[in-house]
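In what follows, chains are A, B, ... by sequence order, proteins preceding strands, each numbered from 1.
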2 protein chains.
Amino acid sequence: MSTAEETTGGEVEPWEEVTPDAARRLLVAAVEAFAERGYHATTTRDIAGRAGMSPAALYIHYKTKEELLHRISRIGHDKALDILRTAARREGSAAERLADAVGSFVRWHAGRRTTARVVQYELDALGPEARAEIVALRRQVDAEVRGIIEDGVASGEFDVPDVHGTTLAVLSLCIDVARWFTVNGPRTPEEVGALYADLVLRMVGAGQASHGS
Amino acid sequence: MSTAEETTGGEVEPWEEVTPDAARRLLVAAVEAFAERGYHATTTRDIAGRAGMSPAALYIHYKTKEELLHRISRIGHDKALDILRTAARREGSAAERLADAVGSFVRWHAGRRTTARVVQYELDALGPEARAEIVALRRQVDAEVRGIIEDGVASGEFDVPDVHGTTLAVLSLCIDVARWFTVNGPRTPEEVGALYADLVLRMVGAGQASHGS
DNA sequence: GGCAGCGCTAAGCGCTCGCTCACCGTCGGC
DNA sequence: GCCGACGGTGAGCGAGCGCTTAGCGCTGCC
């Protein structure tokens, strides 16, 4: 009960790849501030204050405020893509893999809501070249989900008239969890993940076929 | 072909209820600026510039920059609620009414994307009392959709284990259209509306039952 | 045709922003 | 035991912010 970090169920503490300890504290503070107020409404003084440092300390570890956002967005997208890839490349039917992908993707968006919020909604605050890098990652995310749906259509498990549109809708549904989910709400990330996995299976015409866990 | 205003298919020009002409021009300029850059990243000088006026002119018609956002948000939510109410209270089966609600709600979010973006994503920039007013409107939006789904469950048309969760997901799906939709994309608002209406019917267990227009 | 009222502008106030710079304490290497 | 390197601070720079104010020109009324 130190900082309530076990909501994802998976790893205990992310951002471990951010190596100087002070840099990590600043980055975690920035994630919280950006998620609460948005990038533009967050001041560098606020970030430094949350990390227990002076405003100038920020510029020892990061060149600009935007670099902080870029690092957060990059690491977050890598994590999101990793989650989807793991689900997409496991063994099992297309329905099982799609349910797994949606379930774990949604659990991440709900459990790591502050991170997901920054990652999904502050893209426009990045400069052109940083945004281009992130957009490329998003295309890989899209391709991963589309691949599962195409597999299900090919095997006859799914009935999907518009694969691209349905892929878009599935991802849209998952991403928007970061907007509305709150820890004070009636649902746990696990419950939302299970509900959404079921809804998505229905969307691809494989509904109610959720046999087993 | 003056400003491309016929994308919604419905009325020709919104914001007609904003009465002094200069006030309406400022408000339309603010909608565009807020949608492009976000509320906090938009300056009053930018808004006034887009409306072809000096920065001081803004304060003749609006007390603060936040009042502009409040007015936009209020009018937009009223419109969104009106769209859903019209669909919910027409005659027809629950499936027809749900498809109509989702279709028209999505068409609005896609066709009036700039407005919808501000309305749906800049809520946190409002002060406490203004936000409370808007949150109350959102609850009515939620109740309208939930009502249709409950009707369908009661009549046996729908098979929905979690009515509240499914309502949330349906609205979430529609709202997120404002985030990803772009006029340069491959789909028209009408096409997205039709696709989403079909997907939502599948989500409630009334899929492929789209007989007739 | 003078004038009150109003919509609007030019200029600028006070403030806070992102970011910089001169300086300082601590700590490992010799 | 001194010393360079490095992580950190206090103070503050220039710029741009939201918003105000003094005044100007147009327009309608008598």
Donor-acceptor contact below 3.5 Å, side chain Arg97(B) vs main chain Ala88(B): yes
Length of the CG-C1' vector between Leu68(A) and dG18(C), whole Å: 12 Å
Heavy-atom side-chain proximity of Leu171(B) to Trp180(A) below 4.5 angstrom: no
Summary of protein contacts for nucleotides 11-24 of chain D, nucleotide by nucleotide, where a base hit scores B, a sugar-phosphate-only hit scores S (4.0 Å, heavy atoms): -B----BBBBB---
Rounded distance in Å - CD1 (Ile60(A)) to C1' (dG10(D)): 13 Å
CA sep, side-chain torsions, deciding dist, call: Arg187(A), Asp162(B), salt bridge (charged side-chain N to carboxylate O under 4.0 Å, His left out): CA-CA 12 Å; Arg187(A) 278 165 245 270; Asp162(B) 182 347; 2.9 Å; yes
Distance, rounded to the nearest Å, where Asp21(A) contributes CG and dG7(D) contributes C1': 12 Å
Length of the line joining Ile47(A):CD1 and dG8(D):C1', which is rounded to integer Å: 17 Å
Check: Arg179(A) and Arg179(B) side chains under 4.5 Å, non-hydrogen atoms: no
Separation of atom OH in Tyr62(B) from atom P in dG7(C), rounded to whole Å: 13 Å
Aromatic ring pairing His109(B)/Phe105(B), orientation class (parallel under 30°, perpendicular over 60°, tilted between): perpendicular
Length of the line joining Met53(A):CE and dG10(D):P, which is rounded to integer Å: 12 Å
Under 3.5 Å: donor-acceptor pair, side chain of Arg131(B), backbone of Leu126(B): yes
